Amino acid sequence: MTMQCFGFHQGATPEDFSNLPPEQRRKKLQQKVDELNKDIQKEIDQRDALTKMKDVYTKNPQMGDAASVGQKLAEIGHNIEKLRFEVQKFEGWLAEVEGRLPVRNDNSRRQSGLYETQNTTTANNCAQDRESPDGSYTEDQSQETEVKVTPTEFDDDFDDEEPLPTIGTCKALYPFSGENEGTISVAEGEVLNVIEEDKGDGWTRIRRNEDEEGYVPTSYIEVYLDRNAKDS
C-alpha cells in the first residue's frame with residue numbers, strides 16, 4: 001500500500017483518475033463521460049448525413065460513388081462502437097467512486113426535515129393552546145405559525161454549509177505535496193484534525209485550520225479517531 005501511495009509523486013495521470021480524491025475523481029470521470037457522449041453524438045450526426053448522401057448517390061450514380069460513402073459509414077460505425085465501449089468503462093469507474101462517497105447532505109436534509117416537521121407540530125399546538133374560545137384568534141395564530149416554520153428552512157440551507165466536525169487527529173508519517181485538486185500538503189510529523197475517515201479508497205480528509213482542509217493518502221498518516229465523535 002505504501003509503495004502505491006508513493007506513486008502519487010509521479011507525473012503520469014492514470015486513465016481512471018485514481019490519483020485524485022474521491023469527489024475530484026468523480027467530477028473528472030463525469031466530465032470524461034460527457035465528452036465521450038458528445039463525440040458519439042457527432043459521429044451519429046455524421047453517419048446520418050452520409051447515409052442520406054449514399055441514398056442520393058445510389059439513385060443518381062453520376063453525382064458520386066455510393067461505395068466510397070459506404071466505406072466511410074463502416075468506419076464511423078466502428079468509431080461509435082469504440083466510443084460506447086469507452087463510455088461503459090468510465091461509467092463503471094464512476095459508479096464505483098459514487099458508491100464510496102458519503103451521503104451526508106441527504107442525511108442532514110432528512111434530519112432537518114424531521115426537525116422542521118416537529119417544529120411545525122409544536123407551533124400548531126401552541127397556536128391551538130392560545131386560541132380563544134370563540135376562535136377569533138385562529139387566523140392570527142396561523143400566520144404566526146408560518147413565521148416560525150420559515151426560519152427552519154433557512155437553517156436547513158445553513159446546515160449544509162457548516163464545516164464537518166472533527167472526529168479525531170492524525171500525525172503525518174511522510175511529507176505529501178498535495179498538488180492535485182482537493183488534496184492538502186502536509187509536513188512529516190505534522191499533527192492535524194481528521195474530519196472524514198477513509199471510505200475504502202485510500203484517502204482521508206483532514207483539516208489544518210478553518211481555511212485549509214483536503215485529502216491525503218491514508219498510508220501517509222497515523223490516525224487517532226475519537227470514539228465518541230465516531231459513534232455520534
Side-chain angles (χ1 to χ4, degrees), residues 1-37 85-111 157-232:
M1 184 66 181
T2 304
M3 292 179 63
Q4 180 182 355
C5 288
F6 274 108
F8 287 112
H9 295 287
Q10 298 177 358
T13 301
E15 186 182 16
D16 62 354
F17 303 108
S18 57
N19 62 316
L20 295 175
E23 181 59 31
Q24 283 66 34
R25 184 187 180 198
R26 183 192 66 79
K27 291 179 180 179
K28 288 289 186 181
L29 290 171
Q30 184 62 61
Q31 181 181 357
K32 186 66 176 179
V33 169
D34 293 341
E35 291 174 356
L36 288 169
N37 282 326
F85 175 78
E86 288 292 303
V87 168
Q88 291 178 355
K89 182 172 64 175
F90 280 94
E91 284 180 340
W93 287 328
L94 183 60
E96 177 186 346
V97 71
E98 285 180 340
R100 292 179 177 177
L101 285 173
V103 287
R104 292 186 308 276
N105 288 342
D106 292 342
N107 290 334
S108 65
R109 286 187 179 276
R110 283 197 292 269
Q111 292 172 357
D157 292 335
F158 287 131
D159 288 343
D160 290 342
E161 298 176 359
E162 289 183 357
L164 292 173
T166 300
I167 60 173
T169 59
C170 68
K171 180 180 180 181
L173 302 176
Y174 315 100
F176 179 65
S177 59
E179 296 174 355
N180 291 320
E181 180 184 358
T183 61
I184 183 173
S185 61
V186 296
E188 182 177 351
E190 187 176 4
V191 177
L192 306 103
N193 292 321
V194 176
I195 57 177
E196 184 180 302
E197 61 181 313
D198 190 339
K199 301 298 182 181
D201 46 34
W203 294 89
T204 298
R205 192 173 179 181
I206 63 174
R207 177 185 295 135
R208 178 175 287 114
N209 51 50
E210 293 182 358
D211 300 322
E212 290 185 273
E213 66 177 53
Y215 290 91
V216 295
T218 304
S219 62
Y220 275 51
I221 58 177
E222 188 171 359
V223 178
Y224 310 95
L225 291 179
D226 183 345
R227 292 184 179 179
N228 294 330
K230 185 176 180 181
D231 293 340
S232 62

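Source: prediction; values computed, not measured.
- Note: Cys170 SG to Glu197 CD = 12.5 Å, rounded to the nearest 0.5 Å.
- The closest donor-acceptor contact from the side chain of Arg25 to the backbone of Asp16 lies under 3.5 Å.
- Considering CG of Asn37 and CD of Glu91, their distance stands at 6.5 Å, rounded to 0.5 Å.
- Remark: the backbone N or O of Val216 is not paired with any side-chain donor or acceptor of Thr204 at under 3.5 angstrom.
- At least one donor-acceptor pair closer than 3.5 Å links the side chain of Arg207 to the backbone N or O of Leu164.
- Just one residue in the list Glu213, Glu23, Glu212 forms a salt bridge (Lys or Arg N to Asp or Glu O under 4.0 Å) with Arg205, and that residue is Glu213.
- Gln31 and Asp34 are not linked by any side-chain donor-acceptor pair at a separation below 3.5 angstrom, with hydrogens and angles left out of the test.
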Exercise. Show your reasoning for whether salt bridge (Lys or Arg N to Asp or Glu O under 4.0 Å) applies to Lys89 and Glu15.
Key: CA-CA 10 Å; Lys89 182 172 64 175; Glu15 186 182 16; 2.8 Å; yes
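- Rounding to the nearest 0.5 Å places CD1 of Ile206 at 10.0 Å from OG1 of Thr218.
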Practice problem: Kindly indicate, with the supporting measurements, whether the criterion salt bridge (Lys or Arg N to Asp or Glu O under 4.0 Å) is fulfilled by Lys32 and Glu86. | Solution: CA-CA 9 Å; Lys32 186 66 176 179; Glu86 288 292 303; over 6 Å; no
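- The CG atom of Asp201 sits 11.5 Å away from atom CG of Leu20, with the distance rounded to the nearest 0.5 Å.
- Atom CD of Glu222 and atom OG1 of Thr169 lie 9.5 Å apart (nearest 0.5 Å).
- To the nearest 0.5 angstrom, Glu96 atom CD is 9.0 Å from Leu29 atom CG.
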